Protein chains: 2
Amino acid sequence: MNVGKLTRAEDLRRQLADDIVRGTLPPGSALDETEIAQRFKVSRTPVREALRQLAASGLVESRAHRGAVVAQPSAQRLAGMFEAMAELEALCAGFAAERMPPIERQALQATHEEARLVSQAGDPDRFHEVNERFHNAIYAGAQNDYIAEMTLATRVRVQPFRRAQFRNLGRLAKSHAEHDRIVLAILRGDRNGAAAAMRAHIDLARDEYELYAVSV
Amino acid sequence: MNVGKLTRAEDLRRQLADDIVRGTLPPGSALDETEIAQRFKVSRTPVREALRQLAASGLVESRAHRGAVVAQPSAQRLAGMFEAMAELEALCAGFAAERMPPIERQALQATHEEARLVSQAGDPDRFHEVNERFHNAIYAGAQNDYIAEMTLATRVRVQPFRRAQFRNLGRLAKSHAEHDRIVLAILRGDRNGAAAAMRAHIDLARDEYELYAVSV
DNA sequence: TGCCTGGTGTTTGCATACAAAGGCAGCGTT
DNA sequence: AACGCTGCCTTTGTATGCAAACACCAGGCA
C-alpha cells in the first residue's frame, strides 16, 4: 500500500489529485474524510492532510465544518483560468524562443515529430501523453522554474474541464498544425511569433472546450 | 485565543504567514512543530495543518521526517520569481488598461494621489501600505480573479526578500514617478504602454533589491 | 399553513498517545 | 588518528478518542 519512502498523506494526495485530473472524481464530488480513510485503509489524519494540501493547490474546495468537494469553478472563473493559461503558455513560448539551448531545441523538434506520427495514427490517449511532453518541453525551455511551475499548475487545474478534448476527430491534426507554427517560431528565435502562435493554440483549445461543454 | 469563527489551523496559518512576510521569521528559520504548538498553546495537529498549507503555498519548505523551514530560494530561483512578478504585474496592468471600469479608474487615481502625498511626507511604512493598495487595485482592474490571485501570491512570496526596500531614501519619489507613467497609460487605455511601464517599474524594484542584497 | 426554534445526528476539528524514521554521538576497529 | 557502525534520542507521521459545529427534522406557535 504505502510503497517506497512516500508518506501516507503524500501518497493520498497524489492519488486523489490523479483521480481529479483524470476525471474519475468529477468536479463537485463530495470528499468525505471517513469514507476516503476507509477506502484507503488509513486513519483520517493523513486524509485530512492530503485534502488540505489539495485545497491549497486549488484542486478541491473546503470550508470549515462543511467538508470538501472537488473544485467546481464558475464559468467566469474557468474563463479566467483559460485566459491565464493562454498568457502563461505564451510567455513560456516567448522565453523559450529566446533562451532555449540547442540540445533542448532538438529534443523539442523530436517530440514534435513524434506527435506528428501519433496524430496520423489517430490515437487520442497516446497523443495526449506526447502533447503533455511537448508543452512541458516548452515550459522547461523558458529557463524559469517558477514560471514553469505556475504554468503547469494552471494546466493541471484546467485539465478536469478539457477531458474528452482529443476524442474529437480532427482536433489531433489541427493541434499538430498549430504546434508546427509554434515550433518554427521558437526555432527561429522569434519571441513575439512564438507567443502569438501559442496564445492562438490555447485559445483554439478553449473554443473546442466550449463547443464540447455546451453539448453536454 | 481563537476569536471569531476562524479555525485554529487557519488562525495559525495567517499568523505564521504574516510573520514570514513581515520578516519576523526570516528565510531559513526552523519551524519546530512542538515549539510552535507550545508557543500558541495548541496541540501539534493544527500546527501541522498550517505548515502543510504554507508549504503548498510556497512560503515554507518541508521534507518528510526532516521538519520545515521558512523557504529560502536560491538566487536563481529568486531571480525567476522577480521575472514572473514583472510579467504578471505587466499582464494585469495591460488588461486593466483595456478593461477597468470607470469607477475603478477613479479609485486608482485617488490611491495614486494619496501615494503622492505620503511619498512627499516621506513615511516609508505608510507608503508601503498605500503602495500595496495601488497594486491591488491594478490586479483587480484586470478583471480576472485567477490571474489577480496568482500575481498577489507571487508578490507575497517575494516580499520577505524586499523588506527594507522603501527605507532607501529617494526610492519613494522614484517609485511614485514610475507609478505616474503606469496610471497615465492605464487611463488612456494603452495596453502595451501600461504593461511596459509596469514591467520597468518592477525591474527597477528588483535592481534596488539587488543593490540592497549585496550590501548585507 | 408557514415559519421559527430546539433537539438530535452526522461530520469535521482538535488533542493525546504511540510508532517509526533520521540524525548524532560514542565507541570500536583499522 | 580517522573512519564506520551501532544504539539512543529527538522529531515527525499516524491512529484513535473526544469535543464542537453545522444541517436536518420535528414540533409548536403565530
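Atom set for the values below is all heavy atoms of this structure, side chains included, hydrogens, waters and symmetry mates excluded. Residue numbering restarts at 1 for every chain, and letters A, B, ... go by the order of the sequence lines. Treat the numbers as computed from the prediction; the structure is a model and nothing was measured.
Between Glu178(A) and Lys174(A) there is no salt bridge, since no side-chain N of the basic residue sits under 4.0 Å from a carboxylate O of the acidic one. Taking the charged nitrogens against the carboxylate oxygens, Arg155(B) and Glu132(B) have no contact shorter than 4.0 Å, which rules out a salt bridge. The existence of a salt bridge linking Arg52(A) and Glu10(B) is excluded, since no basic side-chain nitrogen approaches an acidic carboxylate oxygen closer than 4.0 Å.
Between the side chain of Arg63(B) and the base of dG22(C), no donor-acceptor pair of N or O atoms lies under 3.5 Å.
The interatomic distance linking Glu49(A) (CD) with dG13(C) (C1') rounds to 14 Å, in whole Å. Rounded to an integer number of Å, the gap from CD of Glu33(B) to C1' of dC14(C) is 15 Å. One interatomic measurement links the two molecules: CZ of Arg44(A) to P of dG13(D), which rounds to 19 Å at whole-angstrom precision. Between the P atom of dT10(C) and the CD atom of Gln38(A) lies a distance of 14 Å, rounded to the nearest Å. In this structure, His65(A) places its NE2 atom 6 Å from P of dG13(C), rounding to the nearest Å. Whole-Å rounding puts the Phe40(B) CZ to dC14(C) P distance at 14 Å. Here the P atom of nucleotide dA15(C) and the NZ atom of Lys41(B) are 13 Å apart, to the nearest Å. For the pair Arg8(B) CZ and dC18(D) C1', the computed distance is 13 Å after rounding to whole Å.
Using a 4.0 Å cut-off, some side-chain N or O of Thr7(B) falls inside it from OP1 or OP2 of dC14(C).
Each of Gly67(B) and Thr45(B) was assigned the nucleotide of DNA chain D with the nearest heavy atom; the assignment lying further toward the 5' end belongs to Gly67(B). Along DNA chain C, the nucleotide nearest Ser43(B) and the nucleotide nearest Ala68(A) are compared for position; the residue whose nucleotide lies closer to the 5' end is Ala68(A).
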ask   = Where do His135(B) and His201(B) land on the ring pair (Phe, Tyr, Trp, His ring centres under 6.0 Å) test, with the steps shown first?
value = CA-CA 11 Å; His135(B) 283 275; His201(B) 174 52; 5.4 Å; yes

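Residue Arg66(A) has its side chain nearest to dC22(D) when only dC22(D), dG22(C), dG13(C) are considered.
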